*Asks:* 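Let me give you the structure first, and then I'll get to my questions.
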Amino acid sequence: MIRTLALFLTALTAVGMGQPAPARRPVSLLVTNGIVVTVDGSRRVIPRGAVAIDGRDIVAVDEAPAIAARFQGRETIDAGGAVVMPGLVNTHTHAPMVLFRGLADDLALMDWLQKYIFPAEAKTVSPEFVRAGTRLAALEMIESGTTTYADMYYFEEEIARATRAAGLRGVLGQTIIQFPVPDAKTPAEGLARTERFAKEFAADDLITPAVAPHAMYTLDAETLKACRALADRLSIPVIIHLAETKDEVKTADEKYHMTPVAFLESLGFWGPRTLAAHGVHLSPADIGVLAMRHVGVSHNPESNMKLASGIAPVEAMRKAGVAVGLGTDGAASNNDLDMFEAMRQAAFLHKLVAGDPRAIPAPVALEMATIDGARAMGMDKVIGSLEPGKRADLLIVSMSSARQTPMYDPVSHLVYVTRGDDVRTTIVNGKILMRDRKVLTLDRAKVLAEANAFADKVRSAVR
Ligand SMILES: [Zn+2]
């Protein structure tokens, strides 16, 4: 206390006498000399800005000289005029499905699931498979600028361990499904697994465990209610596929004479910290329910186009106040995890369907991939923008390729010409996961070799 007071007085005297400024605050990391695209409340873009990071948190975002005057970084990264932006938030994946990438394309969803994906999963998915798949997905995400992702798969505790080791942030949902799956013979087994998983990661800085009932058409009412009850009891989020196809809406109508949203509402299923993937076939009343219940929606334009599922009413949802984030879906239906492409495709798709090029402009696509994705997952106080007090999840994105030259507007460039490969450096929770294209938390060659070894097993499983 005395020491602090003495420092304060010295500082005061120095300033008063017009002498050099007081000692700068030491912080763990400075990222300086970048075009800082904050995606904060005022959507500030700082042409020559810097971000001060201490430990896992952002402590200041400002003009580079102002940061240099106030902070002394133990480590400094010169962004060299590249864009510094919040890490991308992928609101819907099945991470290990990267191992099924390109296995079967150009099929209807039910054919694709029932003839290829479910049989391949039944024969190959194991803790080892899931670990190898998650490492490959994590490598791809780090290399293409995703810092947080929402997942639904099997052996989710293994996904969580691999995600944490890679240094990524995840909201990871243990899948619950009515029929026997690789990690559970019954939904009750799946729920017990979820509870163990949730307890193991209850206080984790990077992992938020979740329960992931697969969809209303793959679960009975009792199990759907049990998933909600478990989530409430453990205070964990819920992730579910919702109204992805016309078939799902037809099934709900035939079985319950309701839409999928209305059926789930009738069970008391909806609530905050609930993330619904797809939301393609929604009525205005459905959208009203999602808004009223503060349900977040993950829009997956590439998967919806590839599987011809339909076009989600994104503008209507946004107008109703629903938080809509962007997702890639599993790599088997995309076929990559590049969120830059998801932004571009979302912008293009909604312009086309609206017959209006003003639909989903570049700043909105960027918001959907960052702050709105965070909001859809109930994490917008923690991630999704570059602001003091939030976690230090950020990217340095090169803007010097021929494809990016010249640059009039960095936000336009991020959405319309930038690719995942342009990401130079990825930082999560204040830790550098990739620096100048070198991933530091994973052995790249080993991850790729391991993935290729599993591909042989997948090939023989669907033969
Ligand atoms: Zn999905």
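Predicted model only: the values in this text are computed from it and were never measured. Just follow the structure's listing: the first ligand is 1, and inside any ligand the first atom is 1. Note that the numbering runs from 1 along the sequence shown for the chain.
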*Asks:* Could you pull out the atom name of the N/O/S atom in His92 that is nearest the Zn ion (ligand 1)?
*Replies:* NE2

*Asks:* Taking Asp205 for the side chain and Ala203 for the main chain, is one N or O donor matched with an acceptor at less than 3.5 Å?
*Replies:*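 Judged by distance alone, no pair lies under 3.5 Å.
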
*Asks:* Starting from the Zn ion (ligand 1), look over the N/O/S atoms of Asp329 and name the nearest one.
*Replies:* OD1

*Asks:* In a table with atom names and distances, give each donor-acceptor pair under 3.5 Å that connects a side chain of residues 174-185 to protein atoms at least two apart or in another chain.
*Replies:*
from, atom 1, to, atom 2, distance (Å)
Gln174, OE1, Glu156, N, 3.1
Gln174, NE2, Asp183, OD2, 2.6
Thr175, OG1, Tyr153, N, 3.2
Thr175, OG1, Tyr153, O, 3.1
Gln178, OE1, Asp220, N, 2.7
Gln178, NE2, Asp220, OD2, 3.1
Gln178, NE2, Thr223, OG1, 3.4
Asp183, OD2, Phe155, N, 2.8

*Asks:* May I ask you to decide if the ring planes of Phe263 and Tyr256 are parallel, tilted or perpendicular, using 30° and 60° as cut-offs?
*Replies:* parallel

*Asks:* Please set out all donor-acceptor pairs under 3.5 angstrom arising from side-chain atoms of residues 103-111, sequence neighbours excluded.
*Replies:*
from, atom 1, to, atom 2, distance (Å)
Asp105, OD1, Lys306, NZ, 2.8
Asp105, OD1, Asn335, ND2, 3.2

*Asks:* Of all the atoms in His278, is at least one N, O or S atom closer to the Zn ion (ligand 1) than 2.8 Å?
*Replies:* no

